[in-house]
Protein chains: 2
Amino acid sequence: MEKTARAGLERVSRPRLYEQLVEQILAYIESARLRPGDLLPAERDLAERLGVSRATLAQALVALEVLGVIDVQHGTGAVLARRPSVASVIKGLREHQSRLPEIVEARSTLEGKLAALAAERRTADDLAAINDALDVMAREINDGDRGTHGDELFHQAITAAAHSSVLAQLMAFIAEMILETRMESLGQPGRPEQSLASHRKIADAIRAQDPAAATEAMLAHIDLVSDVELLR
Amino acid sequence: MEKTARAGLERVSRPRLYEQLVEQILAYIESARLRPGDLLPAERDLAERLGVSRATLAQALVALEVLGVIDVQHGTGAVLARRPSVASVIKGLREHQSRLPEIVEARSTLEGKLAALAAERRTADDLAAINDALDVMAREINDGDRGTHGDELFHQAITAAAHSSVLAQLMAFIAEMILETRMESLGQPGRPEQSLASHRKIADAIRAQDPAAATEAMLAHIDLVSDVELLR
DNA sequence: CTGGCTCACTGGACTAGCCTCTTAGACAGT
DNA sequence: ACTGTCTAAGAGGCTAGTCCAGTGAGCCAG
């Protein structure tokens with residue numbers, strides 16, 4: 001897939017049976033008031049009730065297992081994970097896919113910390129990658145582009161420079177949601193230049209190894225970038 | 001089997017073929033230097049090469065899709081997601097399962113923010129849930145228990161009171177790793193009482209709707225709780 | 001050059017069957 | 001009575017084979 005953008009066509013998402021089954025099973029868990037440790041109905045039984053084959057149901061169960069909702073045990077059955085909250089969280093998230101304010105909130109929390117860590121831990125290589133990203137973005141803007149690629153590179157470089165794989169994973173988790181925000185923001189006239197300027201401020205603070213300044217600059221940047229969204 | 005680890009018995013986890021396939025495919029992606037947008041080999045081909053049936057491979061592909069590594073398109077094939085970093089992040093995370101310092105880092109980042117948000121947004125119900133959690137933990141400690149259940153309830157109540165589903169989901173993501181830390185920490189003599197006292201401080205700040213104090217109290221609490229870990 | 005058609009190739013799903021694992025209960029032996 | 005062993009029912013794991021449904025390149029007629 002390529003330029004999906006906000007204006008572009010979205011590839012029609014083919015329906016996948018297992019995705020539908022995940023939703024149904026989630027709904028079933030809720031409606032049946034199942035508690036952690038409880039067992040789901042047997043595969044053969046469940047498959048028949050849902051009107052699908054066991055093979056397809058097995059895919060849905062794998063998905064639920066990866067999502068952390070259930071734990072499938074050979075010979076016993078599919079038992080609800082001890083942390084039932086995730087089920088509702090995931091459901092809630094699917095429903096209102098893009099709660100922009102919350103995403104911005106999560107993003108500033110993570111990236112503020114990442115910027116501080118980057119300032120403390122960045123190596124010369126990290127710094128080089130950050131500078132490269134700035135150059136890429138500057139070149140893109142010069143060419144009349146929006147600079148989205150450079151923007152993404154920049155934030156990835158910051159994340160890498162923080163040297164925290166756990167935080168990096170959390171960023172990856174919300175990266176997709178952020179992408180939409182990014183595209184929209186950089187579509188504003190004059191915005192790419194402003195964004196680049198605030199990137200430079202962040203980079204300066206990281207180069208100077210000043211964590212507090214880095215966090216501050218990052219938060220200001222995210223504020224700027226998210227500004228337009230919230231006015232909708 | 002024998003008693004794994006210091007605490008309770010762990011149920012032996014039987015190997016699941018699809019999990020193994022996920023690892024192998026991840027390794028293949030890396031070794032073949034596949035880039036975002038590239039196609040994985042066809043299912044029939046891949047299944048044969050890996051020596052498994054298509055049905056099993058399909059499960060592995062579902063897992064990879066849920067993990068955000070690939071995007072399976074009907075009629076085209078399995079294409080690598082535009083964000084290849086997750087693949088390496090996931091692999092990296094599996095390798096050194098518990099980088100305690102990094103987990104503590106991520107936890108304090110998230111929970112510090114959650115505490116501040118909880119102070120701003122908590123409803124009367126949220127407050128009641130927080131108080132309930134304190135009571136549960138107090139009772140547990142009184143009974144000579146470690147108070148792990150109350151501890152967990154408390155942190156869940158704070159998360160809920162912050163009213164941010166995105167941050168809540170990120171917390172759920174690292175909750176399992178935190179669990180290990182929690183158990184170990186509360187096993188220290190005198191630690192449950194200290195932990196409960198710092199919980200009360202956090203609750204006070206949230207009751208008083210003082211975000212800064214809430215964050216500070218939460219960070220102090222996590223510092224306390226994580227203290228012993230780092231000395232190992 | 002355009003439009004429509006075909007066909008090879010891709011994933012999607014199902015069926016039927018056999019395997020292994022778990023567990024409860026029968027049935028000893030103490 | 002207690003305890004250990006065995007067994008069979010029922011759970012999930014996996015396979016092989018089959019058919020259906022999209023995709024896209026290439027051919028061919030207009």
Side-chain angles (χ1 to χ4, degrees), chain A residues 1-4 8-25 28-29 32 34 37-81, chain B residues 1-2 4 9-25 28-29 32 34 37-81:
Chain A
M1 168 161 19
E2 19 93 72
K3 45 208 107 164
T4 128
L9 289 294
E10 190 91 9
R11 196 176 191 99
V12 289
S13 58
R14 82 238 159 267
R16 289 263 245 138
L17 236 195
Y18 88 82
E19 292 172 351
Q20 199 176 319
L21 292 181
V22 165
E23 301 292 340
Q24 287 192 41
I25 294 171
Y28 168 77
I29 290 172
L34 293 189
D38 285 354
L39 280 171
L40 246 46
E43 278 191 12
R44 289 168 176 82
D45 193 31
L46 203 51
E48 191 178 2
R49 273 205 256 174
L50 293 168
V52 300
S53 72
R54 270 186 76 201
T56 304
L57 176 61
Q59 292 182 23
L61 294 180
V62 165
L64 285 169
E65 201 168 18
V66 172
L67 289 172
V69 178
I70 61 173
D71 181 19
V72 181
Q73 294 173 6
H74 194 170
T76 304
V79 351
L80 249 67
Chain B
M1 167 175 63
E2 27 90 61
T4 74
L9 308 204
E10 191 100 1
R11 196 176 189 96
V12 290
S13 59
R14 85 236 153 276
R16 289 260 248 142
L17 236 195
Y18 88 81
E19 292 172 350
Q20 199 176 319
L21 293 181
V22 165
E23 301 293 338
Q24 287 191 40
I25 295 171
Y28 169 78
I29 289 172
L34 294 189
D38 285 355
L39 281 171
L40 245 46
E43 280 190 10
R44 290 168 178 81
D45 191 33
L46 204 51
E48 191 178 3
R49 272 206 256 176
L50 293 168
V52 299
S53 71
R54 266 188 79 201
T56 303
L57 176 62
Q59 292 183 21
L61 294 179
V62 165
L64 286 168
E65 200 169 18
V66 173
L67 289 172
V69 177
I70 61 173
D71 182 20
V72 181
Q73 294 173 6
H74 193 172
T76 305
V79 0
L80 248 68

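Protein chains get the first letters and strands the later ones, always in sequence-line order, with residue 1 at the start of each. Atoms considered below: every heavy atom in the structure, side chains included; atoms not considered: hydrogens, waters and symmetry mates.
Regarding L61(A), its CG atom lies at a distance of 14 Å from the P atom of dA11(D), rounded to whole Å. The distance between atom CG of D71(A) and atom P of dA11(D), rounded to the nearest whole Å, is 18 Å. Between the P atom of dG17(D) and the CD atom of E48(B) lies a distance of 12 Å, rounded to the nearest Å. In this structure, CD of E43(B) is placed 15 Å from C1' of dA16(D), rounded to the nearest angstrom. Atom-to-atom, CD of E65(A) to C1' of dG13(D) comes out at 12 Å; the value is rounded to the nearest Å. Across the protein-nucleic acid pair, L21(B) atom CG and dT15(D) atom C1' stand 13 Å apart, rounded to whole Å. Distance, L46(A) CG to dG12(D) P: 9 Å, rounded to whole Å. Going from atom OH of Y18(A) over to atom P of dG11(C) covers 15 Å, rounded to whole Å.
Scanning all heavy atoms of the two residues, the minimum distance from Q59(B) to A58(A) falls at NE2-CB, 3.5 Å. Contact record, L46(A) with P41(A): CD1-CG, 3.9 Å, taken as the closest heavy-atom pair.
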Checklist entry - What's the verdict on side chain to side chain contact (heavy atoms under 4.5 Å, CB included) for L40(A) and L34(A), showing C-alpha distance, side-chain angles and the deciding distance? => result CA-CA 8 Å; L40(A) 246 46; L34(A) 293 189; 3.8 Å; yes
Please enumerate all protein N or O atoms sitting under 3.5 Å from an N or O of nucleotides 14-20 of chain C, with distances to 0.1 Å.
unit_1  : atom_1 : unit_2 : atom_2 : d
dC14(C) : OP2    : S53(A) : N      : 3.2
dC14(C) : OP2    : S53(A) : OG     : 2.9
dC14(C) : OP2    : T56(A) : OG1    : 2.1
dT20(C) : O2     : H74(A) : NE2    : 2.8

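Here T56(A) contributes atom OG1 and L50(A) contributes atom CG; the two are 10.5 Å apart, rounded to the nearest 0.5 Å.
E48(A) meets the side-chain contact (heavy atoms from CB on, under 4.5 Å) test with no other residue; sequence neighbours excluded. Applying the side-chain contact (heavy atoms from CB on, under 4.5 Å) rule to A42(A) yields the partners D45(A); only residues at least two apart in sequence or on another chain are considered.
Mapping A42(A) and G75(B) onto DNA chain D by nearest heavy atom places A42(A) at the nucleotide closer to the 5' end.
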